[in-house]
Structure formats: structure tokens, C-alpha cells
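Proteins get letters first, then strands, A, B, ... in listed order; numbering begins at 1 in each. All values below were derived from every heavy atom in this structure, side-chain atoms included, with hydrogens, water molecules and symmetry-related copies excluded. A quick note: this is a predicted structure, and the numbers were derived from the prediction, not measured.
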Amino acid sequence: MNNTKVAAFLNRMASLLEFKGENPYKIKAYQRAARNIKVLDEDLSSLYEKGRISEIPGVGEAIRDKVIEILTKGTFEAYEETIAEIPPGVLDIMDIPGIGPKTAKLFHEKLDIGSIEELVRAAEEHRIRRLARMGPRQEEKIIRSVQRHLKSSDSGRTPLAVASPIADQIKEQLNTCPYIREIIAAGSLRRRKETVKNIDLLALSDDPQAAADAFLDLKSVTDVIEKGESLISIIYKGMIRVDLRIIPKGSFGPSLQHFTGSKEHNVHLRKLALSKGYRLSEYGFADTETNTLKTCESEKEVYDFLGLGYPVPELREDRGEIEAGMEKALPGLIDMKDIKGDLHVHSNWSDGKNSIEELAVAALEKGYEYVAITDHSHSTAIASGLSDKKLLEHARDVDRVNEKIEGIRLLSGTECDIRSNGKLDYSNEVLESLDIVIVAVHAALEQDRKTMTKRIVTALENEHVDILAHPTGRKFGKRGAYDVDMEKVFQTALDNDKILEINSSPARLDLNDINARIAKNLGIKLAISTDTHKLDNFNNIRYGIDVARRAWVEPQDVVNTRKLKEISSLLGIR
DNA sequence: GCCGTTTTCGGCCCGACTGTTTTCAGTCG
């Protein structure tokens, strides 16, 4: 039972309570506890063993007991009692955008609707419109909303690497509109979260109506969800919701702050404002006594007014950044310009598309001082992993290109498979001859927790190993992390002075922001690498940097911010 | 159900949009 599953339990409980019309603050308490458990820095079971469950923010006595019940029995009594009273299908109905607990309850009580299928049938047969506060437009809305809901991917979230270019496209098109003075992305996209639910755009305009029309005229608008004076919401190419907010003059600072979020960050900020006598909204600070409004030109002014240092968007998750802002102790985050080289790259010796020479030229053009050529080892046969003999030839090819191309140093390396028993694909003699050794798990992913943990720990204890690549193995839309005790992996990395990778491939982003922050706090060295398989993959470094920034990582935490000379001595290269 | 730099009890962030209403409830972010 991992943190995500416990959080899901508490969220379902919240939905059940909503349906029953319980105290909204009780519902919020469950939702808040679930959120905080989901983003927790530690495994719940190990917190439980230490008797520290109630240290989690939002988890008091009652929810603590329920969490313990879930951990030990797989469910909890209050949940089982409540779900027995309610047909499970109504929870599915409440998941449909636009339908909340009140509406689901109305449908259930008056029309005996207990599933999405029954709901659609009732709408098609015009039985909905006979209910109080319902009408023909509601029926149409329900049918459309269900269609979209069933079509959307299971998580309903889009990877940042997909959403980000779409946002750029839209911004580019709207920039040509004479009625829009500036357009800027906000929301989770601006916070560089790994997945986003929708794209939030803010437009500064002197003519809101014209700006709205320009947005609705975009070719790729496939559906209009909402159309108000300050908010227009559309579906773009049938794949992602895009909200355009038209911002009046004068309140740009509070608006950008508000719509960047996160929600948790904003709630905390507003409580802080209230304690100082102001109601903070997207329009500015309203004095609670006189109701006079103080607007702000910039975001920085908003934080200044509260006496806080300026937290960059990536930090705004209410995970300590407001407290750090009060102490003026915000981190100086890593940036693209700090990266001096890439330590995980594949050539056409294994499953990469390009020659070592082409990779060298591309890395040089990116301004790097070094790049490690780390092709697969022979266990990864599907990726044409190299035999011992091939690996030695590979190293000679690296030497050849090193002599040919000036201005960049290639490191001869491997991404060596960690076999199912923890042994490595190459002998210690072979590994010792290389400049850099990355190890990784690629097969037998279904091993149990104990076996997988021992496997990785054994590999990390090898003295020739430098870096553990994609440490948890998760892949977006394909699989979650393998079952591994990350606490042990972290401890082993720390004890043996090994580097953990933040893999920048949009399909991986592994370590993720939460794990990377734990590693950073423990003092484990990190490498931000692209796992490049073709030249334009080098640009994915952007997404690895995003993860690192969200994990409060500073340049000195990352080995590939070091100059060639320093990294050579760190890796023991002669 | 949670929580305390005004509080161990009484609060709990703030505003927009829709569809149905003649002033608002429900939903969302």
C-alpha cells in the first residue's frame, strides 16, 4: 500500500462525504490530507513504523487512525460503511466535469440514476429537464461532457513536454493580434509541473472583446467550454483544455501570481495576507476594514507587500517556500546556463541514431565542455548492447573523435545493465578501463521489493560504478516505478558516494521532483542527463532542469555543473 | 476534521461562469 493508494482512498472518502452532504470543511480536511500524503517526502509505512503519521500537515487524530487502518487492513471501517449506502456508479458520475455531488444526488434520488450509462440515457430521453433547475441546455451539456470525459486519457493530464509546445504555438498566433498587448502562460505549466491538466494563458488587452474573439477564432479550437467576460475556455485540437484570462490594466501582478498558483501556495499566501489585514485576490490586496484596493504592477510587488522574498514559480507548491521567503532564505536554483556537459548519451554503436562524432559536434554547439558516450551493455540485446570486445572498440572510437574534434572532451562510458541478481554485465577490469560507468535496471521489472532493492544496492556497492540512471524506472503512460525501497537506495548512494540521475527524457523524468528533493536534502550528488538517442534529444535537458528546480536543487548539488577538470577528478579520470 | 505570531473553540481563500432563475445554487480552479 503506497502513498498514492492511501491518498486515493482518502479522496474517495471525501467524494462519498460530499455526496452525503457532510460538513464541507470535513470534506476539505480529507482532501487536504490526501494531497499532503501524495506529495510526501517519505514512505507512509516507514513513517508509521516510527509513529510519525500525525506529523503530516492536515493529518490529525481521526485521519491518522484511518490511515493506519488502511496501511494494516487495506481499507477502513468508516469507508466500508459509507460505500455500502451508495451505488459505486455515482462516484463515476461525480467525476464528470460540471457534475458535482449535489447534481449527482439529485439524479440519484429523483431518477434513480446510478451509472454514467443511465445518466446519458436519461439526458437523451429528456428526463433531466423535468427536474428543478434543469433544462434542455443541461441535457446537451451532460451528453457532451460525458463524451469528452470518456475520451480523455485515464489520468486526464498531459505531459509538460506535450503541453509546453502547444502553449508556445497558441501564444505565437495570439501575438499577431493587435488587440493583445502581451500574452503569458501561467498555471502548472509556468510552475513546470511534469504533467498539466490544462493550459492557462493570461492576455493583457485594452479591448477584451476583440482579444476573446481572436482566441475563439483560432483554427484548432474544437470545442468551447466557457465564454465569459474575463475567461474563455476551449478545447484545443480535441486534446487539452486552454483557458484564456483577459487581464484588466493595473492588476497584472496579482493576476499573474493568482493564476500561477499552486492552489495550496495561494491559500497559504491569502491566510498570511488576512493576518496582516488584507484580502488577497487576483485584483490585489483589499483592506479588510476600508475595502480599499491596493493593486500591484508586478508579481514581485505582491510578495514584497507581504514581506516575502520572491519565490520562482517552480517553488510555489506550499512546500516550505513561503517560510523560506519570510526568512529571506530561498534557494538559488540551478539554471540551464549552469550545465557544462551531458553524462548519459547513446550513439549508433547501440540504439542511438547518430555517430559518436555527430554527438560530439552537437554537444560542442550546445556549449558543453564534455559529453559521456554511454551505450548499452550486452544484456540489453534489444538495444544492440555491446559485448566486451565491442565495448573496447567503442572506447577506441571515442579516443579517435577526441583527437579529431577540439573544444569538447568525450568520456568513454557505458550504461551497464544491472542483471536480475545485482551483478553487472561487464567485469571489474573492463569497467575500470572506462572514464564513466552508469548502471541501470532494464529488465525483470516485476521483481518483489526485497529482491529489487538488494539488486540495486548490490550494483551501487561496486567501486567502479559512478551513476545510477533513472533510479525508479517509471515511464509515463506505461508503468509506474518498480517496487523498490528508495530509502535504502538513497542511503546506499550516500554511503558509497554514488551519483543519482535526474533523467530528462520526457517519458521518464526520473528521479522526479519529490525524490530529487529527498536526495538533495540527504546530500546525495545528482546528475541531470538527457539519455539522448538522437541529436535533438539534447534539448530535453530543459525538462530535467525543470524537475531539479522544483526539487530546490542548486548548482552545487549537480555534478555536471562542474568544469571538465573538476568532473574529471570527481570521476577519477586520468 | 484540522488547527493556533489575535484562537484549545470557532473559524476554515476568493472569485468567475453557467443555466436556471428574477436573485441564485452549483461547480470549478
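- Checked by atom type and distance alone, the side chain of A:S230 never pairs as donor or acceptor with a backbone atom of A:R245 at under 3.5 Å.
- At the heavy-atom level, A:K66 lies under 4.0 Å from the strands shown only through sugar-phosphate atoms.
- If you check B:dG1, B:dC17, B:dC14 against the side chain of A:R279, the one that comes closest is B:dC14.
- Nucleotide B:dG11 has B:dC2 as its partner under the Watson-Crick or G-U criteria, with both atom distances under 3.5 Å.
- Between B:dG11 and B:dA16, the distance separating the two C1' atoms is 25 Å to the nearest Å.
- Taking atom P on both B:dG1 and B:dT5, the two are 23 Å apart, rounded to the nearest angstrom.
- Rounded to whole Å, the distance from CG on A:L272 to P on B:dC14 is 13 Å.
- The distance between atom NZ of A:K227 and atom P of B:dT18, rounded to the nearest whole Å, is 8 Å.
- Listed pair A:S230 / B:dC17 meets the phosphate criterion, a side-chain N or O lying under 4.0 Å from OP1 or OP2.
- Among B:dC2, B:dT18, B:dA16, the nucleotide with an atom closest to any side-chain atom of A:K141 is B:dT18.
- Taking the C1' atom of each, B:dT18 and B:dT23 are spaced 15 Å apart, rounded to whole Å.
- Only the P atoms considered, B:dC17 is 25 Å distant from B:dC12, to the nearest whole Å.
- Within 6.0 Å of CD on A:E124 lie more than 12 heavy atoms contributed by other residues, nucleotides or ligands.
- With rounding to whole Å, A:E264 atom CD is found 16 Å from B:dC14 atom P.
- Between A:Y79 and A:E69, the side chains place no donor N or O within less than 3.5 Å of an acceptor N or O (distance only, hydrogens not considered).
- Dashed line: the shortest gap from a side-chain N or O of A:K271 to OP1 or OP2 of B:dC3 is not under 4.0 Å.
- Note on A:L269: nothing from the nucleic acid sits closer than 4.0 angstrom, heavy atoms only.
- Of the two residues contacting DNA chain B, namely A:P57 and A:Q138, the nearest-nucleotide position lying further toward the 5' end is that of A:P57.
- Residues A:R64 and A:I53 come closest through the heavy atom pair CG-CG2, 3.6 Å.
- B:dA25 sits 14 Å from B:dT21 when the P atoms are compared, rounded to a whole Å.
- Checked by atom type and distance alone, the side chain of A:N36 pairs as donor or acceptor with a backbone atom of A:P57 at under 3.5 Å.
- Separating the CD1 atom of A:I247 from the C1' atom of B:dG15 is a distance of 13 Å, rounded to the nearest angstrom.
- Looking at A:H108 and A:I86, their side chains never come closer than 4.5 Å, going by heavy atoms from C-beta outward.
- Nucleic acid contact class of A:F259 (heavy atoms, under 4.0 Å, all strands): none.
- Separation of the C1' atoms belonging to B:dC2 and B:dT7 is 13 Å when rounded to the nearest angstrom.
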query: How would nucleotides 22-29 of chain B be written as a contact map, 5' to 3', with B for base contact, S for sugar-phosphate-only contact and - for no contact, using protein heavy atoms under 4.0 Å?
result: --BSSSSS
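- Remark on DNA chain B: of its neighbouring residues A:E282 and A:G58, the 5'-side contact belongs to A:G58, judged by nearest-heavy-atom nucleotide.
- With a 4.5 Å cut-off on side-chain heavy atoms, A:M336 and A:R542 count as touching.
- The distance from atom CG of A:L231 to atom C1' of B:dC14 is 15 Å, rounded to the nearest whole Å.
- Here B:dC14 presents its C1' atom at 10 Å from CG of A:L274, a figure rounded to the nearest Å.
- At least one side-chain heavy atom of A:I183 sits less than 4.5 Å from a side-chain heavy atom of A:L244.
- Counting non-hydrogen atoms under 4.0 angstrom, A:P136 reaches the backbone sugars and phosphates but no base.
- Under a 3.5 Å cut-off, the side chain of A:S164 and the backbone N or O of A:A161 do not form any donor-acceptor pair.
- A:R474 contributes a side-chain N or O that, together with a main-chain N or O of A:R508, makes up a donor-acceptor pair within less than 3.5 Å.
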Donor-acceptor contacts under 3.5 Å from residues 305-318 of chain A side chains, at least two apart:
from   : atom 1 : to     : atom 2 : distance (Å)
A:Y310 : OH     : A:E299 : OE1    : 2.8
A:Y310 : OH     : A:R316 : NH2    : 3.2
A:E314 : OE2    : A:R549 : NE     : 2.7
A:E314 : OE2    : A:R549 : NH2    : 3.4
A:R316 : NE     : A:Y303 : OH     : 3.4
A:R316 : NE     : A:P311 : O      : 3.0
A:R316 : NH1    : A:E299 : OE2    : 2.7
A:R316 : NH2    : A:E299 : OE1    : 3.3
A:R316 : NH2    : A:E299 : OE2    : 3.4
A:R316 : NH2    : A:P311 : O      : 3.0
A:E317 : OE2    : A:R191 : NE     : 2.8
A:E317 : OE2    : A:R550 : NH1    : 3.0
A:E317 : OE2    : A:R550 : NH2    : 3.3
A:D318 : OD1    : A:H268 : ND1    : 2.6

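- Note: CG (A:D318) to P (B:dC3) measures 13 Å, nearest angstrom.
- Contacts between residues 16-32 of chain A and DNA chain B, defined by a heavy-atom separation below 4.0 Å, involve A:N23, A:Y25, A:K26, A:A29, A:Y30, listed by number.
- When the C1' atom is used for both B:dT8 and B:dC3, the distance is 9 Å, rounded to whole Å.
- Taking atom CG of residue A:D223 and atom P of nucleotide B:dT18, one finds them 13 Å apart after rounding to whole Å.
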